[in-house]
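Proteins get letters first, then strands, A, B, ... in listed order; numbering begins at 1 in each. Everything numeric here is computed off the predicted structure, so don't read it as measured data.
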Amino acid sequence: GENVEQHPSTLSVQEGDSAVIKCTYSDSASNYFPWYKQELGKRPQLIIDIRSNVGEKKDQRIAVTLNKTAKHFSLHITETQPEDSAVYFCAASSGGSQGNLIFGKGTKLSVKP
Amino acid sequence: NAGVTQTPKFQVLKTGQSMTLQCAQDMNHEYMSWYRQDPGMGLRLIHYSVGAGITDQGEVPNGYNVSRSTTEDFPLRLLSAAPSQTSVYFCASSQGHRYGYTFGSGTRLTVV
């Protein structure tokens, strides 16, 4: 089955700096890669996603890149703000018609004012 | 739309007791899943369903049962609770496997 590795587990940056979180996956048939943000005590919320026919996607200060050959994808947050502080999860969906979304273990991002 | 509704929000069980965590969605989503979240372990898939009458096991299915008799509902049953099942449980739904999941607000379960 699919295995998703996420690094780093914790990340601390100064406000205004950029943050990068990286994930690798094992199933070459995976074709959908979402990222979720979870604030303390809250539910995970989708912030951006990318499909296997696209190499990069951007939404304001966040962007995701996908390298299918190397089986890795990354989340980039520019001009970080204190409200970006949260746990971020990457995930990969198995190919075909399965609803099998497997998550990485998460990255705790702290943005210091 | 209420989205994904989970009940109860909190529950304490004694070892060996059984219970059902409820999950309902009003978005006509075909895909529904149950995850458990433990510190440092991320979100681990317990069971998932790609439509009414169709369920399958995820990464950590042991000790849990599911059924999907309607599109809207996807209950999770703990047949004989164990302390290892102490966790936060999230239900989620999606239009399909290439779309994002919408999560419920979670159920915090403690087994003593």
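Of the atoms belonging to Pro34(A), not a single heavy atom falls under 4.5 Å from chain B. For a residue to count as touching a neighbouring chain, one of its non-hydrogen atoms must lie under 4.5 Å from one of that chain's; by this rule Ser105(B) touches chain A with backbone and side chain alike. Residue Ser9(A) does not touch chain B at all, counting heavy-atom pairs closer than 4.5 Å. Both the backbone and the side chain of Phe103(B) come within contact range of chain A, judged by heavy atoms closer than 4.5 Å.
Heavy atoms of other residues, nucleotides or ligands lying less than 6.0 angstrom from NZ of Lys108(A) number 12 at most. For Glu15(A), the CD atom is densely surrounded, since the number of other residues' heavy atoms within 6.0 Å is greater than 12. In Tyr99(B), the OH atom is not crowded: 12 or fewer heavy atoms of neighbouring residues, nucleotides or ligands sit closer than 6.0 Å. Counting heavy-atom neighbours within 6.0 Å of Glu83(A) CD, excluding the residue itself, gives a total above 12.
Here the CD atom belonging to Glu59(B) is positioned 7.5 Å from the CG atom belonging to Asn100(A), to the nearest 0.5 angstrom. The CG atom of Leu101(A) sits 9.0 Å away from the CG atom of Leu43(B) when rounded to the nearest 0.5 Å. Taking OH of Tyr35(B) as the start and CZ of Phe103(A) as the end, the distance is 4.5 Å to the nearest 0.5 Å. With values rounded to the nearest 0.5 angstrom, Arg43(A) atom CZ is found 13.0 Å from Gln37(B) atom CD.
With Tyr36(A) contributing its side chain and Gly100(B) its backbone, the two residues share no donor-acceptor pair below 3.5 Å.
Under a hydrophobic-cluster definition in which Ile, Leu, Val, Met, Phe, Trp and Tyr are linked whenever side-chain heavy atoms come within less than 4.5 Å, directly or via other members, Val20(A) and Leu11(A) are assigned to different clusters. One hydrophobic cluster, built from ILVMFWY side chains closer than 4.5 Å, holds both Ile54(B) and Tyr101(B). Taken together through direct or relayed side-chain contacts under 4.5 Å among Ile, Leu, Val, Met, Phe, Trp and Tyr, Phe73(A) and Leu75(A) form part of one hydrophobic cluster. With hydrophobic clusters built from ILVMFWY side chains whose heavy atoms lie under 4.5 angstrom apart, Tyr48(B) shares a cluster with Phe89(A).
Of all the listed residues (Arg44(B), Arg108(B), Met41(B)), the one sharing the greatest number of non-hydrogen pairs under 4.5 Å with chain A is Met41(B). Looking only at heavy-atom pairs under 4.5 Å with chain B, the residue among Lys42(A), Gln38(A), Gln6(A) that has the most is Gln38(A).
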